[in-house]
Asks: 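Have a look at the structure that comes next, please.
All values derive from a computational prediction rather than experimental measurement.
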There are 2 protein chains.
Amino acid sequence: MVQQVEASRAALSRDRVLQAAVALADTAGIDSVSMRKLSQELGVVPMALYKHVANKEELLDGMVDVVVGEIDPPRRHADWKSPADWKSAVRQRILAARRTLLRHPWASRVIESRRSPTPVVLEYMDSMIAMFRDGGFSIDLTHHVMHALGSRMLGFTQELFDDSQRLAPNAQAAGLVEMAGRYPHLVELAMAAAHEADSVVGSGCDDQFEFEFALDLQLDGFERLRQQGWSSKAPTPS
Amino acid sequence: MVQQVEASRAALSRDRVLQAAVALADTAGIDSVSMRKLSQELGVVPMALYKHVANKEELLDGMVDVVVGEIDPPRRHADWKSPADWKSAVRQRILAARRTLLRHPWASRVIESRRSPTPVVLEYMDSMIAMFRDGGFSIDLTHHVMHALGSRMLGFTQELFDDSQRLAPNAQAAGLVEMAGRYPHLVELAMAAAHEADSVVGSGCDDQFEFEFALDLQLDGFERLRQQGWSSKAPTPS
DNA sequence: TGAGGTAGGTATACGCCGTACACTTGTCAA
DNA sequence: TTGACAAGTGTACGGCGTATACCTACCTCA
């Protein structure tokens, strides 16, 4: 009776649960997404969530679907001027994916952690494959190219590397000389990066530039293979 | 007194803890590496571990160090015949890293999850940078190239993609026609991959081939930039 | 010799987590 | 009216990481 009117606890649904989970992850970080905290956010008892998702794994799958579903759709093949347009079509889509993933910084980690792809991710991959095929790539080449893209396909790569961002502050005071002794090349590189990045904010690397650099290098490599009518195992044209 | 003799509970030490953790992860999976199970494995009470590692994060860091420390060292620069040898030196080292990481399948996930690199990883990166510099790469180009390699530097990439391995078994019976309707390009590709892989075991993809394909494509791209004396932001030679 | 510090192992307890299971309650079809 | 069903509740269990206090064997040095 009262409940029907009270907006803040409108009836739960799978979608409302997933939306709330994404919102919670966005604002409080992925570590805050526990069944208990999420249920609290929804004004409900923890076990109530299990009427809408089977378990936490499925919740995370659903969150991935929400995020990947936000990525702009690809340019329609019919709008292409030539097969060579594959490159800009793929490039645009991947950068769109990156824009979306950057809005949900937790998402890349969660995507990596899934053990089988969700339907929405499968559809994304399918449309990506379609672009290569429409661009004249053989099935085999498309296959290898998809593997080579890996997670870059969704707009992210694990960095494993945060050079100046972590090194420079870390290395203030006497720590730097010890660092320079132990990792001379790394420090040289970090210093150069920090210097070069004066124009950019905060002395870190320009992540967007690095991403596009790597992406374009790969796409150029793909195009070269396509043009030479890549047939079978001979990945090194040399 | 008795304890001194009894081999199975020789005195604990940081190294023994880390070795046991790696062994446990290797045999029982990373999920089995909890402070409690690990302590049990060592015949000791859980809190005893905290005398040798500050907390679980540090334990995981230590495990990464053990694994990365197992990677074969690089070919010495002095042994190179020409600067162009950078490519085979880098290639060999990365494939050595891959061999090591494959022996510890949990390691790539753990490495990704660390938030700042451990000293051993820093040293690995330093030696990798050294190879590019010795090969005649400018600092800037080395920087971008390191970013582009990302986790491939350590011999792995997140796959996000398991095509035939997961699709084919999944798609037996009527599921396949539904699949083919929903993801036509993906199914086409998976079928082709499964067919092509008759020679390989288990109808999955040849992960090693895919890895080397992507790696060589990147290295060739790097070499091309190096040869044209890459100076500043112009990543697309077109 | 013996007093005190210290390193290494122990015991107990707290708060978090995911979720199994049994229950109530509101809704709607037959 | 009844009875099935969907949705929310309450309680409880076993697992986790780890704070805190304690014990005890050993080493050092006066």
Asks: Keeping the roles fixed (side chain from B:R93, backbone from B:S127), state whether a donor-acceptor pair exists under 3.5 Å.
Replies: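 Judged by distance alone, no pair lies under 3.5 Å.
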Asks: Separation of B:R16 atom CZ from C:dA7 atom C1', in whole Å?
Replies: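 Distance, rounded to whole Å: 17 Å.
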Asks: Quick check with a 6.0 Å cut-off and a 45 degree axis cone: is A:R98 positioned over the face of A:F156's six-membered ring?
Replies: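 Not flagged: A:R98 not positioned over aromatic ring of A:F156.
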Asks: Measure the distance from CG on B:L42 to C1' on C:dT10 and round it to the nearest whole Å.
Replies: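 Interatomic distance, CG of B:L42 to C1' of C:dT10: 15 Å.
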Asks: How does each nucleotide of nucleotides 15-20 of chain D score, in 5' to 3' order, for protein heavy atoms under 4.0 Å: base (B), sugar-phosphate only (S), or none (-)?
Replies: -BBBBB
Asks: In this structure, how many angstroms lie between the P atom of C:dT10 and the CD atom of B:Q40, rounded?
Replies: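 Roughly 13 Å, once rounded to whole Å.
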Asks: Which residues pass the side-chain hydrogen bond (donor to acceptor under 3.5 Å, both in side chains) test with B:T157, sequence neighbours left out?
Replies: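 Only B:R152 meet the side-chain hydrogen bond (donor to acceptor under 3.5 Å, both in side chains) criterion with B:T157.
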Asks: Is the phosphate of C:dA7, meaning OP1 or OP2, less than 4.0 Å from a side-chain N or O of B:H52?
Replies: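 So the side-chain polar atoms of B:H52 never come under 4.0 Å of the phosphate oxygens OP1 or OP2 of C:dA7.
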Asks: Could you state the atom-to-atom distance from CG of A:L38 to P of C:dC16 in whole Å?
Replies: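 Rounding to the nearest Å, CG of A:L38 and P of C:dC16 are 17 Å apart.
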Asks: Less than 4.0 angstrom from a charged side-chain N to a carboxylate O is my criterion; do B:R115 and B:E57 meet it?
Replies: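 Here B:R115 does not pair with B:E57 in a salt bridge, since their nearest N and O are not under 4.0 Å apart.
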Asks: Quick one: A:R14 CZ to D:dA6 C1', roughly how many Å, whole number?
Replies: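 After rounding, the gap between these two atoms is 17 Å.
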Asks: Would the number of heavy atoms belonging to other residues, nucleotides or ligands and lying under 6.0 Å from CZ of A:R103 be above 12?
Replies: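 Counting neighbours around CZ of A:R103, more than 12 heavy atoms of other residues, nucleotides or ligands fall under 6.0 Å, so yes.
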Asks: Determine the interplanar angle of the B:F213 and A:H144 rings, folded into 0 to 90°, and report it as parallel if under 30°, tilted if 30 to 60°, perpendicular if over 60°.
Replies: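 Answer is tilted, since the angle falls between 30° and 60°.
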